[in-house]
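As structure tokens, the structure follows; a few thoughts come after it.
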Amino acid sequence: MDKAMIDSTKQDKHTVVVIDDIPSNLLYFNDALTGFGYATITAENGKQGLEKINVILPDLILTDVNMPEMDGYQLCEAVKGNPATKDIPIILVTAQDDRDSLIRGLSIGADDFLIKPVNPSELQARVRNLLLVKDYRDHMKHYTAELETQVSLRTQELNQAFEELKQVNLQLKESTLDTIRRLSTAAEYRDTATGAHIWRMSHYSQVVAKKIQLPSEEVDKILYASPMHDVGKIATPDHILLKPSKLTKEEWSVMEEHTFIGEQILSGSAQLLLVMAGEIASGHHERWDGSGYPRGLSGENIPLAARITAVADVFDALTTKRVYKDAWTTEKAFEYIKNQSGSHFDPACADAFLKSRSEIVGIQQTSPGQDN
Ligand SMILES: [Fe+2]
């Protein structure tokens, strides 16, 4: 294949491959098509024409039917059978003005016919029409490919943005939880040496929330909100909070205020986690029978999250040594939860706690530190 031929396809005009074994016909078609403004490449038989077609990928093929080596029908089959060339339109030029030849040509994929002798105006019209169809088909092919590329690019960009957003959300969630943990620990440090109590009671609360089959988002919220239950103790004076002996009635009133203060610290937030934390802070000393504080709420008037944490908080307080008391045995503490079901505790929460004994004991044993 000579270089001039390949270069001709790069020009901004349609390229037509013309194949005919009779030199005068080849010259006729070549002159006519050049005169119409097309670039042409000529070949003297089907075999030679096919070699050029496979390299050039022209816009149209105009071929004689009766030729040595490879005739027009064979050429047509070869072109239409190759995925790279199958969309190139083919005009068969024949002297056989019979129906069978035309049908055979159409059945193997020829796009049009010209009967010799060929009229120049007819040649121009048929070539132009087929090129219009090919241009439209090429345009749609490129348009579809471009569209697919754009969709794929946009999808990648969207996926990347979504991933970044997920990471930001995770970081934001982690930073919020970290702040909550530190705030809760700050309050906890007032009356115990470590944050072990809030770690254990929040995990006990999580176990109960799971056992009563709350949705997983609610279970998570209870795990993260319950450590803030005593945040109001930040405002309780040391001489009351750390008093090793029994509190007077007045001192007890001050102590009870940690529920209201916690509620005030946590109220007014749009964050559902803090809303729940506020409910727990104000309600974790309420009792099922209405004998608790600060409001004396009873039954289901006490928010569920507070009813859950009440069991967890009391169990951990009982099983932990404090300045004013020894630690109860696990057995005795479980017995207390059982006995107080329906009076101090919501029976459903107490029942769930008792039925989760092995998990509760597991949390006790893996606690990160000891209080006092
Ligand atoms: Fe408390």
Side-chain angles (χ1 to χ4, degrees), residues 180-206 208-209 222-244 246-267 273-298 301-325 327-328 333 336-337 340 343-346 349-350 353 371-372:
I180 287 168
R181 277 193 289 268
R182 287 165 194 275
L183 174 66
S184 308
T185 307
E188 186 67 10
Y189 256 76
R190 296 286 317 286
D191 62 346
T192 63
T194 72
H197 165 62
I198 55 171
W199 184 88
R200 283 189 304 265
M201 74 79 68
S202 62
H203 284 82
Y204 295 155
S205 303
Q206 181 190 32
V208 174
I222 285 180
L223 173 68
Y224 298 126
S226 54
M228 292 178 268
H229 67 288
D230 271 345
V231 78
K233 283 185 179 172
I234 280 175
T236 310
D238 279 355
H239 71 272
I240 295 174
L241 191 65
L242 305 176
K243 190 176 176 183
K246 203 164 186 282
L247 298 179
T248 64
K249 198 176 171 202
E250 291 72 28
E251 287 169 337
W252 191 248
S253 296
V254 175
M255 179 63 120
E256 289 183 356
E257 282 175 8
H258 81 275
T259 50
F260 276 137
I261 294 166
E263 183 181 35
Q264 281 164 16
I265 289 171
L266 297 163
S267 66
L273 184 63
L274 292 184
V275 172
M276 179 187 274
E279 290 175 353
I280 292 172
S282 68
H284 70 284
H285 289 296
E286 299 288 4
R287 295 180 178 221
W288 183 254
D289 62 6
S291 64
Y293 65 88
R295 293 187 173 91
L297 298 177
S298 63
N301 289 325
I302 307 165
L304 177 58
R307 282 181 264 149
I308 291 171
T309 49
V311 184
D313 188 33
V314 168
F315 179 83
D316 196 62
L318 293 175
T319 50
T320 306
K321 186 178 183 301
R322 293 285 161 86
V323 285
Y324 51 86
K325 73 167 190 69
W328 286 24
Y336 181 83
I337 300 294
Q340 293 295 314
S343 51
H344 187 154
F345 306 119
D346 174 348
C349 297
F353 189 89
D371 296 321
N372 292 344

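Ligands are counted one by one from 1 in listed order, and the atoms in each one are counted from 1 as well. Quick note: numbers below take in every heavy atom, side chains included, and nothing from hydrogens, waters or symmetry partners.
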In a table with atom names and distances, give each donor-acceptor pair under 3.5 Å that connects a side chain of residues 234-241 to protein atoms at least two apart or in another chain.
from	atom 1	to	atom 2	distance (Å)
Asp238	OD1	Arg190	NE	3.4
Asp238	OD1	Arg190	NH2	2.2

Tell me, which protein N/O/S atoms are under 2.8 Å away from the Fe ion (ligand 1)?
Asp230 OD1, His258 NE2, His284 NE2, His285 NE2
Evaluation steps, side chain to side chain contact (heavy atoms under 4.5 Å, CB included), between Leu304 and Cys349:
CA-CA 9 Å; Leu304 177 58; Cys349 297; 4.3 Å; yes
Sequence-distant partners of Glu279, salt bridge (charged side-chain N to carboxylate O under 4.0 Å, His left out), two or more places apart
none
Run the ring-ring contact (aromatic ring centres under 6.0 Å, His included) check on His229 and His258 step by step: do they pass?
CA-CA 9 Å; His229 67 288; His258 81 275; 8.1 Å; no
May I ask you to test the His344-Asp289 pair for a side-chain heavy-atom distance under 4.5 Å?
no
Who are the salt bridge (charged side-chain N to carboxylate O under 4.0 Å, His left out) partners of Glu251, not counting sequence neighbours?
Lys243
